[in-house]
Structure formats: structure tokens, C-alpha cells
Amino acid sequence: MAGESRIKNIRNIGIIAHIDAGKTTLTERILFYTGKTYKIGEVHNGQATMDWMPEEQERGITITSAVTKCLWKKAEIHIIDTPGHVDFTIEVERSLRVLDGAVGVFCAVGGVEPQSETVWHQADKYHVPKIVFVNKMDRIGADFNAVVSQIRERLGAHPLVMNIPCGAEDKFAGVFDLVNERFIVWDEASQGVEFEEKDIPDKYLDEVRDARARLIEAVAEVDDNIMEKFISEEPVSAQEIKSAVRSACISLKGVPVFCGSALKNKGVQPLLDAVADFLPSPLDVPAIKGSEPTTGNEVECQSVDNAPLAALAFKIQMDQGRKVVFARIYSGIVKEGMDILNPSKHSKEKISRVFEIHADKRQRVEAAKAGDIVALMGLKHTTTGDSICDPAKPVLLEPIEAYQSVISIAVEPKTTADQEKVEQALAILSEEDPTFRVKFDEETGQTIISGMGELHLEVLVNRLTREYNAPVTAGKPQVVYREAIKSRVVWKEEFDREIAGSRLMAIVTIEVSPLERGAGNKVRSDISDEKLAMLPPGYLQMALDVLTQGLESGPLRGFPMLDTEVVLKDIIIFEGATTDIALKAASSSGLRNAVSRAEPVLLEPMMKLEVVVPENYMGEVIGNLNSRGGRVEFIEPRGMHQVIKAIAPLSKLFGYSTLLRSETQGRGVFTMTFSHYDIYGA
């Protein structure tokens, strides 16, 4: 029972939001008030504990998700502070995959911004319960009620407002706790450590009681017991409200909403109480399911210490040449010296060390248990998304989805002496970041790196110099295109050649056809079982592997193929003349000939744009978007500004941020996310 009570008090949470909403500032206060740090580190001073990378400290943004653990009352809170910039969205995706709950931070002025929507829907995809903290109530233009409306309208969520602000902007004095009907004010001299719960001043009583009545009504919509009391106009106790809100939060029927100002040290402790009271422990969420690698049978991994080990590696970090694997333990225990199985790679490995994590610091422990998020060393073959399990009870968990890179640049070492250092550094960075790709172009002799956006690649190039002493010269950004076909073609390829005095022969028949946009590639065999029985063992798989690899380079410019189905219709072998080489050559050239005749087209990445501008600049901004091949989908007001939502080709958007600033006198902002691939120039 001791193990169960420990797990019951664990909260694995993420802090998620749009860039500049105040996630890291909030996390710093959480660490300070829980006693994890002895002073508050500020983002604007480059001293935030969780933004430990030099690139993060200089830019004042979070680039890599950082992990820490702190204690609040009885709760053991594991926190992942995630980036808010769209270029680093994989950090959010892989963090949410292993979390049980999330705190969504929204700016009281900006409200629900584009990346807020993206990360919110990422959390929905993994069924992660959420609570909301409306931050920056002290800022000019802060509007708590407008943000609550946006949560309802834009996110489709059911907000349960737990406290409301007393005043706003420079008059923001504290918060009214609607559940307990108390007025909470913070002592500025103690940096918000000291706070006082007072009676509600008479002039605010009606406002607070109305807000509490609305809270009970909102809870009644998702809780039958409260609904009965609401209809019969019976009083509802604070404990009944909290119990119903917890159930609604965990079942994703409601989202508790809090407010404050992290920078001014107000509103953080009630949020910490809410994390402990409303967000789930590993025991409150459904047990994660995996599959037995050989049979495919479903396996349920219970959150208990005495079960077989099941864990997921969600992040890789290289530290002075040694690989550190961040993992979430779903069931069982990991110990130093323990042998584990990586069913994703079909390899056995040994854990040499286990660490608790606090940003860039690690504390060695002998073991970690179900529900923990830890760092492991000694796992040489494990990468992001791999499963880690007991060799006697193998289980394969669902991997983490990778994103398509959409932009690339050519890099080359500044001196030939740096060549090897650059290659090693690029290999390390691509191991850490699944959205970062490295490719050597044999035709031009260039090394091409690809990523999620201009900022993403800029940060990586800077890290080469700063962290690995491997400076490079970078070319201009280039779009990562894709290729596809428009028609169906059946092609019979006859390979017949004399090599080193031996005649090599093989015949394959291949059908290629286009699939719907977004369907991906499919490679399969349509050869009858009778004919397959006549083939040497391994020949079918060898041909299918060659066809799969062949789709990585299209006929037009060598970009990967998309949305193409390849069907192997027939293989004809010749005794004594059909070898591995002959079959591979026939399959490779057959695919190339087939797709070349199937009306190949170039596809370009199309981006979703959300441009926020003052109304008097709207005409110029829309005109410029149209000139860049953009398509405005709709326009909506947001306070004093207009929000233009559009789709535009990435190739026409380089340098757009500079142009937008100059067109709007620095008052326009935009965010850009990948939407889909479309035919080039269409």
C-alpha cells in the first residue's frame, strides 16, 4: 500500500502555452514557492533555472523542454516546462505523450493565441486533463472575461472559473477564491511567499456571489449530484464543488480556470493547490496500453511498482559525448545495473545509472519507480519514442509521432580541419532532435540540414559553434519540397546484364498509383501465394525494401516521394542468373521508370498563417499576402486588432516577419505552422 500511496501523490504535469505567455516565469515561481530554488530566476535577466541553455538565456525563450521535481503539501510534482515557439513543437509533443496533466498558461491581454491552440489540441490528442492559468493580469489591456470566452469558443472547452481577479492592469490587487469565498492578497516584500486570506470586502460581495453561482451552474452541467442541488436550490459546500471539479477535470469534461500575475508573484499558490487537488495521479488515468512484440496482443501496464517494467524514452540528450535518455516509467522499477529490452530496436541493454533531474542538474539514485520521470545512462541504442521493458515480459508502447521538416540550408565547415568535428556534432544534434535531419548531397558535395523553421536551424547552427566548437558557414534557407505522381502506371522491368563474366537476370512488374493527399506512402505485394512459394527465401522482402527505399528520392529533383502506392505485381527469376544484385537492380530501376512515366509533380509545403494587425494596416497586409500566393481564409476581430487567417506557400514567406514589422510600424505579429503539401505553383 505504501507504493500505491506514493503514486497517488505524484503529479506529472507540463506547462504549455504560446510564446511569451509566461510559462517559464510561472515555473520559476513554482520552484521558489515549493522550496526547490532559493531565489527567483527571471527570463528577462537570462537567469531562469529552466532556461539553462545559453541560446535560451540570450533569446529569452524556451527551446528545449526541461524537467524538474518539487513538493507541494503532499503532492510530488514532476514538471516539464515546454517551448512556446512553433519551431520547437516536437518538444511539446513528446512531453505531452508522457504527462498525466497540463497547465495551460494564457496571457490576459493576448488570450488564446495560435500556438496555444496547437498545444491545447496536442494535449487533447493524448487525452491530457488540463487546468488554465490566465497570466499577466497586471498588464495594460488585461481582460480575464475575454480570455474565458476564448477558451470556450476557440478551444471548445468547458471553463470552470475557480477564482476571479480583484481589479486589473495596475489596479490588480489579488484574487477572489470562489469556492471558499475568500479574498487572497500577496505580500510584495516577501516576493509573494507570504499571502493572506481575508473576508471579501462588502463592495465586491455581489460580484463574487454571482461568479460563484455561475461556477456551480457550470459544474452542474457536468456533474449529476451538483445538478440535483442546483435545481432544488440547495447550498453546495466547498468540498462538494472541489470533488465535482476534480472529476470533471480528470474526465476532460471541464477545465478549472485560475488567474494571477507570475511576474508580480500573485496567484501561484492557488494554482499549486489546484495541481494537487484537480490534476490526476498516474492511478487516476487509464493504464497505458502496449502490444506484445511477437504476437501483437494488447498488454495493459498497471501503474504499480511490483509489475514488469514498462517505460517510454521521450527525449535524448547528449552530455559530453554520453547519451542521456529521459524516460517515463509507467509500471515496475528501474535500477542501476539492470538489464532491459528495447523491443523497438530488438536489442538488449544495461542501465548503468539512474538520475532524478532538475533542469541541467542531475542527482544519482539507485532506483526509480512507477510514475517517475527520470534520466537513464548506458542505453546506447535507445532513441526518442523507443520502449524500455523487462526482457521476460516484452511490451511495445505506441511511439512518438515525428514531424516533417519543411526548411533546409547547406552548411560546410569553415576549415577542412573542422570537417570531422562538424560531422560528429551534426550526428549528436540529430540524435537529440527527431525533427532535425542531416543529408549529404553527393551531386553537390554539400551537407544539407533540415528542420521546422528558420529559428530552429539558426539555433542549431549557433549550437554547433558554441557547444561543439564546430563552426560552419550556412547558406540561404531552402524549402524542403516533396514529389508525387498524378497517374497510374504499370511497368515491366527486365534486367539482363553481364557483370564480371556472369550473366545476371531478373524481371519485376511494378504498379504505381497516386493516393489522396496526406495518405502517405504504401508499398505492398500482390503476388499470389503459389508464385511466392517458388521464390527463394527473403527475395520478396528484399524487393519490397528496395521499393520502399526508392521512394526516398523522386525523379524530378530527388526529393522524397509522398502519397504514392507501389504494388509489386510479379517477380520472374532465372535459375543461376537471378542473384540479390539482379533483383535489387531490377526493382530499383523498375520503380524509377514507373514513377517517371506517372506524371511526376513537385509538392511544396503550405503554411497556416495567423497575422494579428491593427485594423488600419489590414489592406496593405492582405495585399502583400495575396502577392505572395497566399489565400486569406477569414478575418476576425480580437480586441483592437484584426486577425487574418491565411494559407501561403513557405517559399514565399522567407523574410516575411521583417516586412510585416516595417508595414505595420512594428505592431503586427504573425505565427506560422505547417498545414499540408500542395502541387508547386498551383
Asks: Step by step, would you call V103 with V132 a side-chain contact (heavy atoms from CB on, under 4.5 Å)?
Replies: CA-CA 6 Å; V103 177; V132 164; over 6 Å; no

Asks: Please evaluate residues S352 and M377 with respect to the criterion side-chain contact (heavy atoms from CB on, under 4.5 Å), reporting the C-alpha separation (whole Å), side-chain torsions for both, the decisive distance (0.1 Å), and the verdict.
Replies: CA-CA 6 Å; S352 62; M377 289 183 75; 3.8 Å; yes

Asks: Could you grab the distance from atom CG of L283 to atom NZ of K8, nearest 0.5 Å is fine?
Replies: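 If I round to the nearest 0.5 Å, the distance is 8.0 Å.
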
Asks: Of all heavy-atom pairs between I10 and P282, which one has the smallest distance, and what is that distance?
Replies: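 Shortest heavy-atom contact: O-CD, 3.5 Å.
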
Asks: Specify the closest pair of heavy atoms between K345 and T383, including all atoms of both residues, with the distance to one decimal.
Replies: NZ-OG1, 2.8 Å

Asks: How many angstroms lie between atom CD1 of I333 and atom CG of D305, to the nearest 0.5 angstrom?
Replies: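 With rounding to 0.5 Å, CD1 (I333) is 5.0 Å from CG (D305).
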
Asks: Are E356 and K69 within salt-bridge range, i.e. N to O under 4.0 Å?
Replies: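 So E356 pairs with K69 through a salt bridge.
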
Asks: Which value, rounded to the nearest 0.5 Å, describes the distance between L160 atom CG and F258 atom CZ?
Replies: 9.5 Å

Asks: Going through the distances and angles, do K266 and D138 end up as a salt bridge (charged side-chain N to carboxylate O under 4.0 Å, His left out)?
Replies: CA-CA 10 Å; K266 295 175 182 177; D138 59 308; over 6 Å; no

Asks: Can you name the nearest heavy-atom pair linking P159 to R152, along with the distance?
Replies: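 Reported closest heavy-atom pair: CG-NH2, 3.7 Å.
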
Asks: Kindly give the heavy-atom pair with the smallest separation between H158 and K253, and that separation in Å.
Replies: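 For H158 and K253, the tightest heavy-atom pair comes out as CB-O, 3.4 Å.
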
Asks: So, do D284 and R246 sit near enough that their side-chain heavy atoms are less than 4.5 Å apart?
Replies: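 Counting from C-beta outward, D284 and R246 do come under 4.5 Å.
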
Asks: Could you check V98 against N12 for side-chain contact (heavy atoms from CB on, under 4.5 Å), going step by step and ending with a plain yes or no?
Replies: CA-CA 8 Å; V98 297; N12 285 316; over 6 Å; no

Asks: For F176 together with F183, are the ring centres under 6.0 Å from each other?
Replies: yes

Asks: Are K323 and T382 linked by a side-chain donor-acceptor pair shorter than 3.5 Å?
Replies: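 No pair is found: no donor N or O on one side chain lies under 3.5 Å from an acceptor on the other.
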
Asks: Above 12 or not: heavy atoms from other molecules or residues under 6.0 Å from NZ of K608?
Replies: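 Open.
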
Asks: Quick one: closest heavy-atom pair of P165 and F172, and the distance?
Replies: CB-CE1, 3.8 Å

Asks: Taking N9's backbone N and O only, do any of them form a donor-acceptor pair with S281's side chain (distance below 3.5 Å, no angle check)?
Replies: no

Asks: Spell out, as yes or no, whether a donor-acceptor pair under 3.5 Å connects the side chain of S331 to the backbone of P308.
Replies: yes

Asks: Give a yes-or-no answer on whether the side chains of W186 and Q269 include a donor-acceptor pair shorter than 3.5 Å.
Replies: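 The criterion, which ignores hydrogens and geometry beyond distance, is satisfied for Q269 and W186.
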
Asks: Are the side chain of R182 and the backbone of V179 linked by a donor-acceptor contact shorter than 3.5 Å?
Replies: no

Asks: Between M137 and S261, what is the shortest heavy-atom contact and its length?
Replies: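 Closest pair (atom of M137, atom of S261, distance): N-CB, 4.3 Å.
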
Asks: I'd like to know if K130 and D124 make a salt bridge, using a cut-off of under 4.0 Å between side-chain N and carboxylate O.
Replies: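 Here K130 pairs with D124 in a salt bridge, since their nearest N and O are under 4.0 Å apart.
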
Asks: Run the salt bridge (charged side-chain N to carboxylate O under 4.0 Å, His left out) check on K335 and E366 step by step: do they pass?
Replies: CA-CA 6 Å; K335 296 179 181 176; E366 287 185 7; over 6 Å; no

Asks: Given side-chain contact (heavy atoms from CB on, under 4.5 Å), test L397 with Y330 step by step and report yes or no.
Replies: CA-CA 10 Å; L397 303 176; Y330 286 102; 4.0 Å; yes

Asks: Please check if the side chain of R29 supplies one atom and the backbone of V268 the other of a donor-acceptor pair under 3.5 Å.
Replies: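 Checked: no pair found.
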
Asks: Can you spot which of D273, D177, D223, D277 makes a salt bridge (Lys or Arg N to Asp or Glu O under 4.0 Å) with K242?
Replies: D277

Asks: Flag the pair L376 / V334 as yes when at least one side-chain heavy-atom distance between them is below 4.5 Å, and no otherwise.
Replies: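 Yes - at least one pair of side-chain heavy atoms lies under 4.5 Å apart.
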
Asks: Are more than 12 heavy atoms from other residues, nucleotides or ligands located less than 6.0 Å from atom CD of E181?
Replies: yes

Asks: With side chain to side chain contact (heavy atoms under 4.5 Å, CB included) as the test, pick out the partner of P280 among V285, V128, I13.
Replies: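 Per the side chain to side chain contact (heavy atoms under 4.5 Å, CB included) rule, the option paired with P280 is V285, out of V285, V128, I13.
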
Asks: When F106 is tested against each of V257, I151, V148, N135 for side chain to side chain contact (heavy atoms under 4.5 Å, CB included), which residue passes?
Replies: I151

Asks: Do S243 side-chain atoms and E240 backbone N/O form a donor-acceptor pair below 3.5 Å?
Replies: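 Answer holds: no.
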
Asks: If the threshold is 4.0 Å, N to carboxylate O, is there a salt bridge linking R353 and E336?
Replies: no

Asks: Hey, mind stepping through D372 and R6 against salt bridge (charged side-chain N to carboxylate O under 4.0 Å, His left out) and telling me if it holds?
Replies: CA-CA 10 Å; D372 286 343; R6 179 193 70 85; 3.4 Å; yes

